[in-house]
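Comments concern the structure below.
When reading the values below, keep in mind they use all heavy atoms of this one structure, side chains included, and skip hydrogens, waters and symmetry mates. Chain A is the first sequence line, chain B the second, and so forth, proteins listed ahead of strands; every chain is numbered from 1.
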Amino acid sequence: MPEPIALIDCNNFYISCERLFDPRLAGIPVIVLSNNDGCAIARSEEAKILGIKMGAPAHHLKDKIKAHGIRVFSSNYTLYGDISRRVATTIRDFSPVTEVYSIDETFVDLSGFGGRMLDHAGAMRAAVRESVGIPTCVGIAPTKTLAKLANYAAKKNPLFAGVCDFMDETILTFALPRIAAGEVWGVGRQTEAKLTAQGIRTVAQLRAMPLPLARKVGTVVLERIVCELQGIRCIDIEAVEPQRKGMAVTRSAGTPMLTFDALMQAMTAHATRAAEKLRSHGLVAGHLNAFFHTNPHKPDRPQHSASRSIELSPASSSTFDLVRAARRCVEKSWKGDRSGNGHAYTKAGVILDDLVREEDRSRDLFEADIERGAKLMKALDSVNDQFGKKALVLASEGFKRTYTTKADHRSPRYTTRLSDLPVVHLR
DNA sequence: TCTGGGGTCCTAGGACCC
DNA sequence: TCTGGGGTCCTAGGACCC
């Protein structure tokens, strides 16, 4: 039997972050909306009970929000990101090997903790609760896939009191027949349907699936999942963050983009942001792809989508290079009249590929120019750091922005902006 | 009026080569 | 007119995750 792995996962993370700074939100239904206030991406337990589904469009929720006094927030990623870092830092004290898997989940290697495993998990929860203020649940198992499931059980069944241990065979055999196969990490809607066609509905059944059949039904991916359910480790903890392969900046527009100029402004802003993101990671990109399309949720309206890609040679993270490339893509793929071609574009974005670390970039004949450009970018970043995002932008982004995104219910940046610090009144 | 954004991995199929 | 077999590399698209 492999050594234990724990997965610690924050409960309703975004909601818990909002509640940290406003205790009045405790015990009442709260939801957090996606970018552009489009749909619900986080719900408190009270909101889940009211039947609010993950991903439900905000404009379908109006009646419920009103009827039940649901509190609504726009997403505040600055806040969530900062709280997430604090949680991860706290957890690192509990094992030499941890992997931050997502904004609200961390895998923890519990090798060598043996009999003290459960106490250790409990102490970890208590530490996060005390020093950051965020409630969590912990799942413990021999593999990552089982640890995810154990965490799910810990959340769903109050009997576990927040920590579920699948190293314990009795608990494992009790739980697996009671969990639907679709809850397994890596089994989505399509795979679940294929499994149902095979008569497989529960995790216990999936675990007993013959490996060749698993491979036939769902390729090596499903085969690996079945192995992991059997306690055979196929997915290791990745303690060092792997080099990322791509990067994207995409946005829906608050108001549709009707003209060539409106689209160009959006694309310039996205390419600018993409370049900043690259530089903040110390990377350069070898390829840029720019795309835009109309609203696919409105099939009765004229639809159009375009995407074009360009090589960046030499690979670059310069705002000028990326903006130039993105604009060229749009120029080439725009159809018809620049004052409007009958299409209402609602989404646009820039995708970067072939990322390499700046210092590994292949050198070039015009090295001096590149180095001068890098200095300019450094200056640009430090101005924007000091005077706020978008203090200095390219003129092509537009002085009066015609494209916007919606965020009507954003909470303050309590922890990262001085003017937003909560004030305590003592009596 | 109004449906997010940013990732990863895998496979099939085409282009190309010898 | 006839028209092999086997390899690699790249890309697009599907599925999934948070």
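When each of A:Asp37 and A:Glu238 is assigned the nucleotide of DNA chain B with its nearest heavy atom, A:Asp37 is the one assigned upstream, toward the 5' end.
Taking the centre of each ring, A:Tyr101 and A:Trp185 come in below the 6.0 Å mark.
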Begin from the C-alpha positions of A:His120 and A:Phe113 and carry the test ring-ring contact (aromatic ring centres under 6.0 Å, His included) through to its verdict.
CA-CA 8 Å; A:His120 200 64; A:Phe113 280 97; 4.0 Å; yes

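Around the CZ atom of A:Phe320, the shell of radius 6.0 Å holds no more than 12 heavy atoms that belong to other residues, nucleotides or ligands.
Using modelled atom types, one finds no donor on one side chain facing an acceptor on the other under 3.5 Å when comparing A:Thr136 with A:Asp9.
Across C:dG4 and B:dC16, the matching C1' atoms stand 16 Å from one another, rounded to whole Å.
Set against B:dC10, C:dC17, B:dT3, the side chain of A:His297 has B:dT3 as its closest nucleotide. Nearest nucleotide to the side chain of A:Lys148, out of C:dC17, B:dG4, B:dT3: C:dC17. Of the listed nucleotides (C:dC18, B:dT3, C:dC16), B:dT3 has the atom at the smallest distance from the side chain of A:Pro57.
Remark: DNA chain B forms stems of 3 or more consecutive Watson-Crick or G-U wobble pairs, all pair distances under 3.5 Å, at B:5-18 with C:5-18.
Distance CD/A:Glu276 to OG/A:Ser280: 8.5 Å, rounded to 0.5 Å.
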Tabulate protein N/O versus nucleotide N/O from nucleotides 5-7 of chain B, keeping only pairs under 3.5 Å, one per line.
from	atom 1	to	atom 2	distance (Å)
B:dG5	OP1	A:Ser252	N	2.5
B:dG5	OP2	A:Ser252	OG	3.1
B:dG5	OP2	A:Lys347	NZ	3.2
B:dG5	O3'	A:Arg251	NH1	3.1
B:dG6	OP1	A:Arg251	NH1	3.0
B:dG6	OP2	A:Thr250	N	2.4
B:dG6	OP2	A:Thr250	O	3.0
B:dG6	OP2	A:Thr250	OG1	2.6
B:dG7	OP1	A:Arg244	NH1	2.5
B:dG7	OP1	A:Lys277	NZ	3.1
B:dG7	OP2	A:Ala248	N	2.6
B:dG7	O5'	A:Arg244	NH1	2.9

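OP1 and OP2 of B:dT1 both lie 4.0 Å or more from every side-chain N or O belonging to A:Lys298.
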